[in-house]
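One structure below.
One-based numbering along the sequence shown.
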Amino acid sequence: MPNAEPSEPVARTATGTVASAGKARLWFIASLPPPVDGQSNCNSAMLGHLSERAALVPLSVGRTVTAKIVRGFSNGWMLLRHARADDVAYFSVPGQLGAWMLLPAIVALRLRGVEAWFHHHSFRSINRGPLKVMRALVACAGSRQNHILLSDVMRDRFAAMYLSSPQRRAYTLSNTCLFPPDTQIRPVARPERPCTLGHLSVLTRAKGVFYLIDLFDTLVAQVPGIRLILAGPVCDQELAHAITAAAARHPDAFEYRGMIGGKEKADFYRDIDLFVLPTTLVDEAEPLVMIEAYAQGVDVFASATGCIPDRLRDPACTLTLDRTKDAAMISSAATAMPTGWMALRNACHTHVVQLAATNAFQGHLLLTEICAKQSSSLMMSAMKMATR
């Protein structure tokens, strides 16, 4: 027999202790790993940051279409029954149609007078906007809504498109706040190897993997010894065949490592000199792989998609998606690599450290703002205890 739903949802602090039913809670509605992707990684990191400041009640959004529909309505019913006006809700907004399944929970929160925070990890609502689902989300959320975007440009474009009322506020929270790089980079000498390109993602045609393979075919003829390492899961059979064919054409220059993590991911960044991201993904916003690459001292060549122009170290590293032009650009960087590697490595690391430092104070203020009611509730509880 399944466990009965508790009469009162349990909120837990970072130490795992159960929060008092009388305290304000933070409802955390987001997808968490598995599966692992950029947004679920960010959600997991955000959960960690908020749990240090608040008593959280996590609510799943489901993984399959059926589960998303079921969870959409069950979350709405849960919040309608148990949410209080002094609670706060945090939503990680899906980039596609899953956002429709947030609406029952959003309506329930509005009826209960709960302030809501919506964290947007996708550029789809801007690239394809204005979208009906985002207009519906904003309309259902009412006046007590706040929106978190990943860069100032993303924030301003989203606000201009959807947030006509001054009561609907928008903020910036860079992913560098969730994944701050080490302030120091370990000094190492460049290994004796040819210039090595790398790409890590959930491998799809929208991530530009077909284009990258074609680009590498061109580079092989221009840069003696150049190599390419691909990593990440692939489900597209046509793309899988293209990767196998590329490995057969270039047996000593092309390597596919499959899905990697932990030490394997650290080894991947150690083994490459330049990260290439020719993405055209409509959801692409602030890719975590850019932050990871820079943090490891690896320069990034990427297309001008989403927040990428705001995060590139050098605008000259912007891919045009014209194979002739991009091959010339990367060929020039590959030729200069042996002599300028150490300086470039330091410049890349400095770039992401400065990005993180620039956004750190803003991120701290925003996390504090989200948990303001939690802090107030805890302070009131402490005062009551002190006067007993």
Side-chain angles (χ1 to χ4, degrees), residues 30-47 60-68 92 94-98 121-124 175 178-179 196-217 227-251 253-272 274-296 298 300-303 305-306 308 319 321:
S31 61
L32 295 169
V36 177
D37 56 37
Q39 184 165 352
S40 66
N41 271 339
C42 288
N43 295 344
S44 184
M46 192 70 170
L47 182 68
S60 170
V61 297
R63 297 192 181 101
T64 66
V65 173
T66 300
K68 289 179 188 296
S92 178
Q96 301 186 40
L97 295 180
H121 298 272
S122 168
F123 231 82
R124 178 182 293 262
N175 286 332
L178 301 181
F179 301 93
T196 303
L197 311 180
H199 176 91
L200 167 64
S201 69
V202 176
L203 301 178
T204 63
R205 57 187 66 223
K207 282 288 187 177
V209 181
F210 277 114
Y211 176 79
L212 179 56
I213 292 172
D214 289 342
L215 178 63
F216 184 66
D217 285 336
R227 299 183 70 249
L228 171 63
I229 301 175
L230 280 184
V234 56
C235 297
D236 183 326
Q237 288 303 308
E238 186 179 351
L239 181 54
H241 291 320
I243 292 171
T244 301
R249 285 195 305 275
H250 312 292
F254 184 98
E255 182 182 352
Y256 173 53
R257 296 190 178 179
M259 188 169 180
I260 60 174
K263 182 181 181 301
E264 292 175 325
K265 183 186 283 191
D267 291 343
F268 166 82
Y269 286 114
R270 184 198 63 203
D271 293 342
I272 67 173
L274 301 172
F275 192 96
V276 186
L277 183 61
T279 177
T280 59
L281 184 67
V282 68
D283 294 292
E284 197 76 79
E286 187 185 26
L288 293 182
V289 288
M290 287 186 68
I291 297 170
E292 292 174 349
Y294 283 138
Q296 296 300 318
V298 176
V300 177
F301 285 81
S303 52
T305 302
I308 289 174
L319 295 174
L321 302 184

Any ion pair linking D271 and R257 (charged N to carboxylate O, less than 4.0 Å)?
-> yes
Taking all heavy atoms of P278 and all of Y211, pick out the closest pair and write down the distance.
-> CB-CD2, 3.6 Å
Could you give me the CA-CA distance, side-chain angles and deciding distance for F254 and L230, then say whether side chain to side chain contact (heavy atoms under 4.5 Å, CB included) is met?
-> CA-CA 8 Å; F254 184 98; L230 280 184; 3.6 Å; yes
Contacts satisfying salt bridge (Lys or Arg N to Asp or Glu O under 4.0 Å) that involve residues 285-296 (not counting sequence neighbours) are K265-E292, E286-R311
Working for side chain to side chain contact (heavy atoms under 4.5 Å, CB included), residues L228 and V276 | CA-CA 10 Å; L228 171 63; V276 186; 5.9 Å; no
Considering non-hydrogen atoms only, spot the tightest contact between R63 and K68 and give its length.
-> O-CE, 3.5 Å
Can you find a heavy atom in the side chain of Q39 that is under 4.5 Å from one in the side chain of S122?
-> no
Contact summary for P233 and S201, nearest pair of heavy atoms | CD-O, 3.7 Å
Which atom names give the shortest non-hydrogen contact between A240 and V234, and what distance separates them?
-> N-CG2, 4.1 Å
Mind running side chain to side chain contact (heavy atoms under 4.5 Å, CB included) on L178 and N41 for me, showing each step along the way?
-> CA-CA 10 Å; L178 301 181; N41 271 339; over 6 Å; no
For T305 and T279, indicate whether the former's side chain and the latter's backbone hold a donor-acceptor pair under 3.5 Å.
-> yes
Distance in Å, E284 CD paired with I308 CD1, rounded so as to fall on 0.5 Å steps | 5.0 Å
d(L197 CG, L274 CG) to nearest 0.5 Å is 6.0 Å
Working for side chain to side chain contact (heavy atoms under 4.5 Å, CB included), residues L200 and Y269 = CA-CA 9 Å; L200 167 64; Y269 286 114; 3.7 Å; yes
Smallest separation among heavy atoms of A293 and V300, with atom names | CB-CG2, 3.8 Å
With distance as the sole test, does T280 use its side chain to make a donor-acceptor pair with the main-chain N or O of A206 at under 3.5 Å?
-> yes
Please round to the nearest 0.5 Å and tell me the distance separating atom CG of D236 and atom OG1 of T204.
-> 8.0 Å
F210 to A242 - nearest heavy-atom pair and separation = CE2-CB, 3.6 Å
Mind checking side chain to side chain contact (heavy atoms under 4.5 Å, CB included) for S60 and listing every partner two or more places apart, or none if nothing turns up?
-> R71
Under a 4.5 Å cut-off applied to non-hydrogen side-chain atoms, are Y256 and L203 in contact?
-> yes
Value for NE2 (H199) from CZ (F301), rounded to nearest 0.5 Å, stands at 15.5 Å
Indicate yes or no for a side-chain donor-acceptor contact from N43 to the backbone of S31 under 3.5 Å, with no hydrogens or angles considered.
-> yes
Straight-line distance of K207 NZ to L277 CG, nearest 0.5 Å = 6.0 Å
Here the side chain to side chain donor-acceptor pair (under 3.5 Å) pairs for residues 239-249, sequence neighbours left out, are D217-R249
Can you tell me how far CG of N175 sits from CE of M46, rounded to the nearest 0.5 angstrom?
-> 10.0 Å
